[in-house]
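First comes the structure, then the notes that go with it.
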Amino acid sequence: MKVNTQSVNFNADQKLIQFIQKRMDKLDMYYDKVIKSDVFLKVENTSDKENKIFEAKVSVPGDSLVVKKQCKTFEEGADMAVASLQRQLKKRKEKLRAHL
């Protein structure tokens, strides 16, 4: 799957981008019709430790799924977002199966 990663107001290092790509590739196991995904990494200027925002938009035929997570690290946000997307994709696949 093609993952387009954009970091807002900072430069993401290659290791982080590869980590996100690896996590997002796991979504193909749950729903093979995923077209592409856009990932946005943002850092809020707050004194709060959970200032990293991980936002993912996954395009599937006829719809798009959006998940937004706020965590201490982008890796933690990626894990939480992928887990949430896996649940959404499973639910979508079950709904499509029910209509057949």
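Everything quoted here is computed from the prediction, not taken from an experiment.
The shortest heavy-atom contact between A12 and S7 is N-OG, 3.5 Å. Closest approach of K33 and P61 over heavy atoms only: O-CD, 3.1 Å. Heavy-atom minimum distance, E50 versus Q70: O-NE2, 2.8 Å. In this structure, L41 and F10 approach most closely via the heavy-atom pair O-CE2, 3.5 Å. The minimum heavy-atom distance between S37 and V58, with the atom names listed, is CB-CG2, 4.0 Å. Among all heavy-atom pairs drawn from F54 and F74, the shortest one is CD1-O, 4.0 Å.
There is no path of hydrophobic side-chain contacts, each under 4.5 Å, that joins I35 to V67.
At a threshold of 4.5 Å between non-hydrogen side-chain atoms, the residues V8 and I53 do not count as touching.
The distance from the NZ atom of K52 to the CD atom of E76 is 10.5 Å, given to the nearest 0.5 Å. For the atom pair N4 CG and I17 CD1, the distance stands at 10.0 Å (nearest 0.5 Å). Atom-to-atom distance recorded for M29:CE and Q86:CD is 6.5 Å, nearest 0.5 angstrom.
Within 6.0 Å of the NZ atom in K93, the count of heavy atoms belonging to other residues, nucleotides or ligands exceeds 12. In the displayed structure, N9 atom CG is contacted under 6.0 Å by at most 12 heavy atoms of other residues, nucleotides or ligands.
Judged by distance alone, the side chain of E55 and the main-chain N or O of V66 form no donor-acceptor pair under 3.5 Å. Between the side chain of Q21 and the backbone N or O of M1, at least one donor-acceptor pair lies under 3.5 Å.
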